[in-house]
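Side-chain atoms are counted along with the backbone in the values below, which use heavy atoms only and exclude waters and symmetry mates.
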Amino acid sequence: MQIQDDIKALQQYDFFARFINLIHQFREECIEEMHKAPSDQIQQLSGRIISYDQILQMVDFDKIRQYHQESLNR
């Protein structure tokens, strides 16, 4: 599948790792917001978290984080 090949190629680059790390940070911020959000915003935040999770899983964020650990800790 083309997208998997594209993702595999992008995983090698620090700039992609930093971008995906930003997605991870957005996910964590949404989780924090859920704790203080009114009940009518919970569903919207949940949808955003699911979307961020799907992206992180698709690109194998854990693998990217290990491979680019040094550049992500700057």
First locate atom CG of Asn21, then atom CZ of Arg18, and finally report the distance between them rounded to the nearest 0.5 Å.
10.0 Å
Taking every heavy atom of Asp14 against every heavy atom of Ser71, the minimum-distance pair comes out as OD1-OG, 3.4 Å
Reported NE2-to-CG distance for the pair His24 and Asp62, which is rounded to 0.5 angstrom:
8.0 Å
Any chance you could lay out the salt bridge (Lys or Arg N to Asp or Glu O under 4.0 Å) test for Lys8 and Asp5, step after step, and finish with the verdict?
CA-CA 5 Å; Lys8 189 178 261 189; Asp5 295 336; over 6 Å; no
As an exercise, state the distance from CG of Asp6 to CD of Gln11, rounded to the nearest 0.5 Å.
11.0 Å
What class does the angle between the rings of Tyr52 and Phe26 fall in, given that below 30° is parallel, 30 to 60° is tilted and above 60° is perpendicular?
tilted
For Gln12 and His68, work out which heavy atoms get closest and say how close.
O-CE1, 3.3 Å
Heavy-atom pair with the smallest gap, counting every atom of Ile7 and Val59
CG2-CA, 3.8 Å
Quick check: closest heavy atoms across Ile31 and His35, and the distance to 0.1 Å?
O-CD2, 3.2 Å
Euclidean distance, Arg27 CZ relative to Phe61 CZ, rounded to 0.5 Å
9.5 Å
Using the rule that two of Ile, Leu, Val, Met, Phe, Trp, Tyr join whenever any of their side-chain heavy atoms come within less than 4.5 Å, decide whether Leu22 and Ile50 are in one cluster.
no
If you compare all heavy atoms of Leu45 against all heavy atoms of Glu33, which two are closest, and at what distance to 0.1 Å?
CD2-OE1, 3.5 Å
dist Ile20:CD1 -> Tyr13:OH (nearest 0.5 Å) comes out at 15.0 Å
Smallest separation among heavy atoms of Ile64 and Ala17, with atom names:
CG2-CB, 3.5 Å
For atom CZ of Phe16, is the number of surrounding heavy atoms from other residues, nucleotides or ligands below 6.0 Å larger than 12?
yes
Grouping I, L, V, M, F, W and Y whenever their side-chain heavy atoms are under 4.5 Å apart, do Leu10 and Leu72 come out in a common cluster?
no
With rounding to the nearest 0.5 Å, note down the distance linking CD in Gln54 to CD1 in Ile23.
12.5 Å
